[in-house]
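Single-structure report; data block below.
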Amino acid sequence: PTKQPTLQPTLQPTIQTTLQPTLQPTLQPTLQPTKQPTTLQPTKQPTLQPTKQPTRQPTKQPTNRPTQTGGTLWAWGSSARYRTGLSTTAPINTPTQIGSASDWVEVYGRDEGGFAINQNGELYSWGSGAQYASGLGTLSDTPSPVRIGTSSNWIRVVTNYRTTFAFNAANALYVWGSGQHYVTGLGTTDDIPTPTPFGPPGFYIDISVSNSATFAISIHGDLFGWGMKYALGIGELTEEYVQQPMMINNSVMWLKVKAISGGGFAITNDGKLYSWGVSEYFRSGQGTQDTIPYPTRVGTRSDWADVWAK
């Protein structure tokens, strides 16, 4: 009579109410929201709309135009290979107007020439034609601005040395010029005479090219690269070159990228700065001259807005 009743009510209910309810609510709900949505969905998808899209507006619609209708174009310095666009190879000592047009809204200098976009979205080129760098389909040098093709919806040019990428208003990307080290991403080292479509329209939102590699960010925030392997930030590869876009990293949401000879920099959508590649002269910002094999965060700040390097 004493043992039997005491044993039942104490052991049986205690195990039921303590273990059963505690196990269910703790494991089940915590697992779902942490793993599934937080890492993939909220970070990548929603942030894309407000952060990425508007950020490209200032780039596409020039903020430095003197008036709504554009302005005049001026140049000075070395005129070797007609790089000033002033129809002379003699040095220009002071700012001198290029032509008489007054509707220019964007201008981009390259090592041996330049590009400019006018108010109508027409793209003009001048300077060296080596390796088809001018995009005019000729290897000859061009003394003054000449229109590239017949399109009138160009909005942005990204150029370095003799390779150039350009966006149009439909967010389609084009490439021309030197194919050395596979920097055009077209799977060939052939030089490209005129603007040639690159990738699906609207897929890339930012791109940067150097003489050794090219980097691009997709609409999904993924970082891609191609060119010489040591510059790409993808660790050890058996091949010397990556001939077409290869994903470098998609673990964070990338926003901006800048290629330099032998490496690169990139900023995430939450303001963190990363670098990779050759670090001679401490140019990676990592406090070392050792090569950085993968994108590595620079410092601890989270308020970086842009990066520029050459």
Side-chain angles (χ1 to χ4, degrees), residues 45 47-73 85 98-99 101-110 113-127 132-137 142 145-160 163-177 183-186 192-209 214-224 245 253-259 267 269 305-306 308:
Q45 210 71 318
T47 314
L48 192 60
Q49 293 300 353
T51 310
K52 287 237 153 144
Q53 213 67 318
T55 306
R56 286 195 66 209
Q57 294 304 333
T59 312
K60 289 162 60 175
Q61 304 296 343
T63 53
N64 58 344
R65 49 176 77 172
T67 66
Q68 189 61 32
T69 53
T72 53
L73 190 58
I98 302 174
S102 58
D103 61 347
W104 301 108
V105 293
E106 285 279 355
V107 62
Y108 307 88
R110 56 185 174 91
F115 301 98
I117 300 173
N118 65 17
Q119 185 195 8
N120 296 325
E122 299 165 347
L123 177 60
Y124 285 75
S125 172
W126 62 91
Y132 297 111
S134 65
L136 293 166
T142 303
V146 173
R147 187 176 175 186
I148 297 178
T150 58
S151 297
S152 55
N153 62 347
W154 299 103
I155 55 173
R156 182 186 172 202
V157 171
V158 176
T159 185
N160 191 316
T163 307
T164 301
F165 290 84
F167 289 94
N168 67 17
N171 288 327
L173 185 59
Y174 290 77
V175 62
W176 65 88
V183 293
T184 61
L186 295 174
I192 311 299
T194 56
T196 301
F198 180 82
F203 183 73
Y204 294 107
I205 63 165
D206 195 25
I207 195 165
S208 184
V209 58
T214 304
F215 302 101
I217 296 174
S218 75
I219 191 69
H220 308 297
D222 302 328
L223 179 62
F224 291 82
M253 188 79 165
W254 300 101
L255 186 62
K256 293 187 177 182
V257 65
K258 178 64 183 177
I267 296 176
N269 71 328
D306 207 347
W308 193 95

Please check if the side chain of [X] supplies one atom and the backbone of [Y] the other of a donor-acceptor pair under 3.5 Å.
X	Y	result
T196	T194	yes
D103	G70	no
N120	E122	no
S134	S125	no
S151	N153	no
S208	A259	yes

With side chains defined as the heavy atoms from C-beta onward, is the minimum distance between [X] and [Y] less than 4.5 Å?
X	Y	value
W254	F215	no
L136	I148	yes
S102	T72	yes

Taking all heavy atoms of [X] and all of [Y], pick out the closest pair and write down the distance.
X	Y	result
A305	I267	C-CD1, 3.8 Å
F198	P245	CZ-CG, 3.7 Å
I207	V158	O-CG1, 3.4 Å
G202	I219	O-CB, 3.8 Å
L123	W154	CB-CD1, 3.4 Å
R110	A133	NH1-CB, 3.5 Å

Roughly how far, to the nearest 0.5 Å, is the CD1 atom of I205 from the NZ atom of K256? 10.0 Å
Centroid-centroid distance, Y204 to F165, less than 6.0 Å: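 Distance test on ring centres: not under 6.0 Å, no.
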Does the separation of the ring centres of W176 and F115 fall below 6.0 angstrom?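 Yes.
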With respect to R156, which candidate in I117, L173, N168, D206 satisfies the side-chain contact (heavy atoms from CB on, under 4.5 Å) definition?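 For R156, the side-chain contact (heavy atoms from CB on, under 4.5 Å) test succeeds with only one of I117, L173, N168, D206, which is D206.
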